[in-house]
Every structure is written in C-alpha cells, then in structure tokens.
There are 2 protein chains.
Amino acid sequence: MANELAPGRKLKTRDLAPSDLADLKPRSKIWIERSGEVVMSDWRMALLEAIARTGSLAKAAEEMGVPYRSAWQKIKESEERLGMRLVDTQCGGADGGSSQLTEAANDLLFRYRQLSEGISELVDKRFRESFC
Amino acid sequence: MANELAPGRKLKTRDLAPSDLADLKPRSKIWIERSGEVVMSDWRMALLEAIARTGSLAKAAEEMGVPYRSAWQKIKESEERLGMRLVDTQCGGADGGSSQLTEAANDLLFRYRQLSEGISELVDKRFRESFC
DNA sequence: GCGCGTTATGATACTTTCTGCATATCGGTG
DNA sequence: CACCGATATGCAGAAAGTATCATAACGCGC
C-alpha cells in the first residue's frame with residue numbers, strides 16, 4: 001500500500017496508494033469570446049436550441065434545469081457582448097409571451113456547431129492513444 | 001444603428017448595434033479528471049514544469065504568479081485525487097528545501113503533452129473555416 | 001378590467017474558489 | 001544552537017459566479 005521513497009526519507013503526510021492511472025477521463029470544452037468574455041459555448045448553444053424548440057425562455061430554462069433568471073441573464077450577456085439580438089421576445093398575450101431565435105442566432109448556432117463538432121471525440125481518441 | 005424588428009413591436013431594452021462577428025476568438029481547454037475532479041490541466045502542467053525547472057515549489061509559484069499557498073494546494077489536490085506522488089519534496093537543509101518531480105509526474109506530463117498537443121491550433125483552424 | 005403566463009430585472013443569499021496572513025517544521029550552515 | 005530559506009497547513013476574508021426571492025410590466029381572453 002505504501003509508496004516506496006528514497007531510503008532515509010520519511011513521508012510528511014500519509015502514504016498515497018499507488019495508482020494504475022485507471023478511470024481517468026479526458027474532458028474538453030470550447031467556447032467563443034469577444035473581448036475576453038464568453039459569447040457562445042456548448043451550454044449557451046443548448047439553451048438557444050431549447051428556446052427554439054419550446055418557443056419559450058421559461059420552458060427552455062426549466063428544460064435545462066436552471067432558474068429562469070440565470071437563463072435570461074446568459075442570453076442578455078451574449079447579446080450585449082455580441083452587440084446583436086439572439087432572441088426575439090414577445091411579452092404578454094394569450095399564452096403570456098414567447099421567444100424565438102433571430103436569424104443571427106441561427107447563423108451563429110450553425111457556425112458554432114461546425115466549430116465544435118467532433119472535438120470532444122478527438123480528445124477522447126487522443127486520450128486512448130496516450131493513456132491506454 | 002438600430003436593429004430592425006418586426007413592425008409594430010417596440011424594443012424593451014435599448015437597441016443593440018449590429019455586429020459583423022468581428023474579433024471573435026475561439027477558446028479551448030482540456031483537462032483530465034478522476035471521479036469528476038481535475039487532476040491535470042494546462043495550468044497544472046505548467047506548474048509542474050516550473051517545479052522541474054526551478055527545483056522549488058516556492059520559485060515555481062512565483063514564476064506562475066500565484067501565491068505559494070495556491071500552488072501547493074493544487075499539487076496536493078492532484079496527488080490525492082490521483083493517489084500518487086507527483087512531487088518529491090525535501091524540507092529543510094542548506095537551501096531551505098527543494099522539490100522535484102517524481103517519475104510518475106514525468107510520465108503523466110509526457111502523456112498529457114501528447115494529449116493536448118495541437119488541440120488549440122485545431123480549434124483555431126476550425127474557427128477560421130466556420131467563421132471567416 | 002381581472003387573471004394568467006411569460007418576459008424583465010433588482011436585491012440578496014449562498015457557494016465555490018482564490019488570496020493573505022500566520023505559524024510550525026525541517027535540516028544544513030556558521 | 002540560532003538562523004535561514006523552503007516546505008506544510010490552518011483559517012479568515014475577498015472575489016466571482018450562481019441561485020433564490022420578489023416584483024413589475026405586458027397583452028390577450030374571459
């Protein structure tokens with residue numbers, strides 16, 4: 001159980017169990033910044049997609065498992081940082097309101113999907129080559 | 001300057017300036033986890049390399065621009081999570097003490113470099129293809 | 001016009017992480 | 001043995017990011 005060290009030196013902290021590098025997992029993340037601030041990421045993409053799918057920011061937030069407040073804030077952040085509208089919102093009305101993506105948002109999503117596609121898989125492959 | 005919206009609907013917030021998607025920058029990050037906790041990353045790699053280069057955790061921390069406390073903590077974290085020694089430390093002595101990487105750390109660094117090499121460049125390339 | 005569901009937004013609390021400071025220990029050297 | 005410089009570690013406070021709560025506005029239908 002104890003790790004062997006150079007003779008004559010004793011451990012200051014408890015010995016650590018030797019590991020076979022098992023169950024290590026590679027992780028990767030990409031995003032897009034403007035002036036050092038995030039404007040698009042996998043999470044934000046998922047949120048935008050949920051908005052497109054449900055037609056509602058409130059429903060999208062619930063789908064994503066985050067408070068409406070947070071979802072709204074993230075959208076506003078991206079919009080301000082990009083200097084463009086991503087969501088076209090309708091406040092009030094029969095159903096209370098609705099949200100849909102702007103053309104700019106759809107364009108951005110399309111480009112971002114191209115950018116991010118397969119990156120995670122590549123890292124996984126690299127990991128298998130280097131660590132297995 | 002103002003974004004055009006569907007006629008008859010007025011903006012709730014100030015109009016946003018249209019953007020040409022200029023000066024967007026792709027960013028990427030990879031790391032390795034065990035049980036959902038970080039054990040290696042670019043930052044940790046740089047720290048380990050600084051330790052190897054300087055032979056001292058204190059000097060490495062200064063080189064990295066972080067307090068000794070933080071550097072030490074990160075090393076301990078990785079060691080505990082991995083279940084192996086990464087740094088072989090000498091406390092006291094003529095020069096006050098020293099630190100050097102274990103074989104396990106060198107092995108891990110070697111593998112991690114292989115894993116991470118060129119990922120950032122690939123993302124840059126992808127970005128140019130998708131956004132330019 | 002009242003209710004309902006949604007967008008919009010401020011204020012506050014909470015969580016997690018990082019930083020700063022303080023203190024102890026270690027072990028050669030003068 | 002006292003000193004020095006480095007490791008080792010606790011703890012309180014700062015800072016950043018997120019969640020919670022509360023409230024207002026909106027606009028259609030009954």
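We use all heavy atoms of the structure for the numbers below, so side chains are in, but hydrogens, waters and symmetry mates are not. Just so it is clear: chains get the letters A, B, ... in the order the sequence lines come, proteins before strands, and each one is counted from 1.
Between A:T89 and the phosphate of C:dT6, there is no side-chain N or O to OP1/OP2 separation shorter than 4.0 Å. Within the 4.0 Å cut-off from OP1 or OP2 of C:dA8, at least one side-chain nitrogen or oxygen of A:W72 is found. Distances shown here put every side-chain N or O of A:S99 at or beyond 4.0 Å from the OP1 or OP2 atom of C:dT6.
Following rounding to the nearest Å, B:D95 (CG) and C:dC26 (C1') show an atom-to-atom distance of 12 Å. Atom-to-atom, NZ of A:K76 to P of D:dG17 comes out at 20 Å; the value is rounded to the nearest Å. Regarding A:E80, its CD atom lies at a distance of 13 Å from the C1' atom of C:dA8, rounded to whole Å. Distance A:I75 CD1 to D:dT18 P: 14 Å, rounded to the nearest Å. Per the geometry, OH belonging to A:Y68 stands 18 Å off P belonging to D:dT18, to the nearest Å. Note: CD (A:E37) to P (D:dA16) measures 13 Å, nearest angstrom. We find that CE of A:M64 is positioned 12 Å from P of D:dT18, with the value rounded to whole Å. The nearest whole Å value for the distance from the CG atom in A:L86 to the P atom in C:dA8 is 13 Å.
Applying the side-chain hydrogen bond (donor to acceptor under 3.5 Å, both in side chains) test to every pair with at least one member in residues 91-102 of chain B, sequence neighbours left out, gives no pairs at all. The ring-ring contact (aromatic ring centres under 6.0 Å, His included) pairs that include a residue from residues 99-132 of chain B are B:F127-B:F131, where partners are two or more places apart or lie in different chains. Here salt bridge (Lys or Arg N to Asp or Glu O under 4.0 Å) pairs that include residues 99-117 of chain A, with residues two or more places apart or in two chains, are A:E49-A:R113, A:D107-A:R111.
Comment: B:E80 does not engage B:K76 in a salt bridge, judged by the lack of any side-chain N to carboxylate O separation of less than 4.0 angstrom. A salt bridge is absent between B:R126 and B:E129; no separation between the charged side-chain nitrogens and carboxylate oxygens falls under 4.0 Å.
To the nearest 0.5 Å, atoms CZ (A:R44) and CD1 (A:I32) are separated by 11.5 Å. To the nearest 0.5 Å, atoms CZ (B:R27) and CG (B:D124) are separated by 10.0 Å. To the nearest 0.5 angstrom, A:I75 atom CD1 is 4.0 Å from A:L47 atom CG. To the nearest 0.5 angstrom, B:D23 atom CG is 4.5 Å from A:R34 atom CZ. Note that CG of A:L82 is 10.0 Å distant from OG of A:S35, once rounded to the nearest 0.5 Å. Considering CE of B:M40 and CG of B:L115, their distance stands at 11.0 Å, rounded to 0.5 Å.
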Anything under 3.5 Å between a protein N or O and an N or O of nucleotides 12-14 of chain C, put it in a table, one pair a line.
none

Expected rows: protein N/O vs nucleotides 28-30 of chain D N/O, under 3.5 Å:
from: D:dC28; atom 1: O4'; to: A:A94; atom 2: N; distance (Å): 3.2

Polar atom pairs (N or O), protein with nucleotides 18-22 of chain C, under 3.5 Å:
from: C:dC18; atom 1: OP2; to: B:K74; atom 2: NZ; distance (Å): 3.1
from: C:dT19; atom 1: OP2; to: B:S70; atom 2: OG; distance (Å): 3.1

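Residue contacts shown for A:G96 include a base, since a base heavy atom lies under 4.0 Å away.
Taking 4.5 Å as the limit, every side-chain heavy atom of B:D42 sits out of range of all side-chain heavy atoms of B:K29. Put simply, the side chain of A:I51 does not reach to within 4.5 Å of the side chain of A:L86, judged on heavy atoms.
Clustering of Ile, Leu, Val, Met, Phe, Trp and Tyr by side-chain heavy atoms under 4.5 Å joins A:W31 with A:V38.
Two end axes, each from the C1' atoms of five base pairs, can be drawn for the helix from C:dG1-D:dC30 to C:dG30-D:dC1; they diverge by 20°, to 10 degrees.
Partners of B:Q73 according to the side chain to side chain contact (heavy atoms under 4.5 Å, CB included) rule, which considers only residues two or more places apart in sequence or in another chain, are B:R69. Applying the side chain to side chain donor-acceptor pair (under 3.5 Å) criterion to B:S56, with sequence neighbours excluded, gives no partner residue.
If you check residues 50-62 of chain A against DNA chain C, the residues with a heavy atom closer than 4.0 Å are A:S56, A:L57, A:A58, A:K59, listed by number.
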Donor-acceptor contacts, no H, no angles, side chain residues 57-66 of chain A, under 3.5 Å, sequence neighbours left out:
from: A:E63; atom 1: OE1; to: A:R53; atom 2: NH2; distance (Å): 2.5

